[in-house]
Participant: 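One structure, as structure tokens, below. Some questions next.
Throughout, numbering of the chain's residues begins at 1 and tracks the sequence.
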Amino acid sequence: MSTLGCLALIIAMEARNQALITQHYVASVAIERAKEEGTNICSSMKKPRAYSWLWDGKNTRVDKDSMAIATQVATKELQRQTLKGRLFFNEKKYKKRFDTPHKPIVSGDLIFY
């Protein structure tokens, strides 16, 4: 799978029911995380427990419309600056899992830090 395809899949699986800005944040964090790890997005995505949907044994199929939107978001995000240093996100209903020096950004049902 290509970098674009992996990033689009991450966006679709993590934020397909969220606003576009939230999808952009998800993409930005995925890009930053891969940079921090010194790897590409696909390798970063496949690390154990990096994304629960990839390792929980559940279906990872995404409908065409969601994937088309995610691909558009991924294309834009690969061409611009990311949220520097933002490496994590999770649903707002869960406690923040990692300490970072950044003030959390809340968007939709997700929190980015």
Side-chain angles (χ1 to χ4, degrees):
M1 188 178 290
S2 68
T3 296
L4 178 63
C6 289
L7 185 56
L9 183 60
I10 292 168
I11 295 164
M13 292 302 296
E14 295 287 349
R16 67 175 163 248
N17 60 346
Q18 302 291 315
L20 281 176
I21 188 66
T22 305
Q23 292 184 23
H24 281 279
Y25 287 154
V26 166
S28 182
V29 168
I31 293 167
E32 272 297 292
R33 190 182 294 170
K35 284 181 190 175
E36 178 73 18
E37 293 170 351
T39 186
N40 62 48
I41 293 169
C42 294
S43 294
S44 177
M45 176 184 80
K46 293 174 183 174
K47 284 191 172 189
R49 296 182 299 281
Y51 295 96
S52 61
W53 48 266
L54 192 59
W55 299 99
D56 64 8
K58 295 180 181 175
N59 187 349
T60 57
R61 291 189 198 142
V62 181
D63 64 85
K64 285 183 182 182
D65 291 340
S66 295
M67 198 62 178
I69 292 168
T71 301
Q72 290 174 348
V73 170
T75 300
K76 288 178 184 176
E77 285 299 317
L78 287 169
Q79 297 171 354
R80 66 183 195 174
Q81 292 292 318
T82 59
L83 293 167
K84 293 289 181 204
R86 304 278 175 165
L87 304 177
F88 309 103
F89 63 89
N90 55 270
E91 290 184 54
K92 286 190 304 190
K93 65 184 176 183
Y94 296 111
K95 184 179 177 184
K96 187 175 151 181
R97 293 181 291 177
F98 303 98
D99 289 327
T100 65
H102 307 290
K103 182 177 178 183
I105 297 172
V106 177
S107 183
D109 293 333
L110 301 175
I111 183 168
F112 301 84
Y113 49 94

Participant: Give me the atom names and distance for the closest heavy-atom approach of Ser66 to Ala12.
Facilitator: O-CB, 4.5 Å
Participant: Starting at CD of Glu32, measure out to NZ of Lys35 and round the result to the nearest 0.5 Å.
Facilitator: 5.0 Å
Participant: Please report the interatomic distance CD1(Ile31) to CG(Leu78), rounded to the nearest 0.5 Å.
Facilitator: 4.5 Å
Participant: Heavy atoms only: give me the nearest Trp55-Lys46 pair and the separation to one decimal.
Facilitator: CZ2-O, 2.7 Å
Participant: I need the Ile41 CD1 to Met1 CE distance, nearest 0.5 Å.
Facilitator: 12.5 Å
Participant: Among Lys47, Met45, Arg49, find the residue that satisfies the side chain to side chain contact (heavy atoms under 4.5 Å, CB included) test when tested with Leu54.
Facilitator: Met45
Participant: Would you call Leu9 and Trp53 a side-chain contact if the rule is heavy atoms closer than 4.5 Å?
Facilitator: yes
Participant: What distance separates Lys76 NZ from Arg80 CZ, expressed to the nearest 0.5 Å?
Facilitator: 8.0 Å
Participant: Counting N and O atoms only, with roles assigned by atom type, does the side chain of Thr22 sit under 3.5 Å from a partner on the main chain of Gln18, one being a donor and the other an acceptor?
Facilitator: no
Participant: Short question: side chain of Ser44, backbone of Asn40 - any donor-acceptor pair under 3.5 Å?
Facilitator: no
Participant: Taking all non-hydrogen atoms of both residues into account, name the closest pair between Met67 and Gly5 and its distance.
Facilitator: CE-O, 4.0 Å
Participant: Could you check whether any side-chain heavy atom of Ile11 comes within less than 4.5 Å of a side-chain heavy atom of Arg16, counting everything from C-beta outward?
Facilitator: no
Participant: How far does CD of Gln72 sit from CG of Leu20, to the nearest 0.5 angstrom?
Facilitator: 8.5 Å
Participant: Please answer whether the main-chain N or O of Ala27 pairs with a side-chain N or O of Glu77 as donor and acceptor at a distance below 3.5 Å.
Facilitator: no
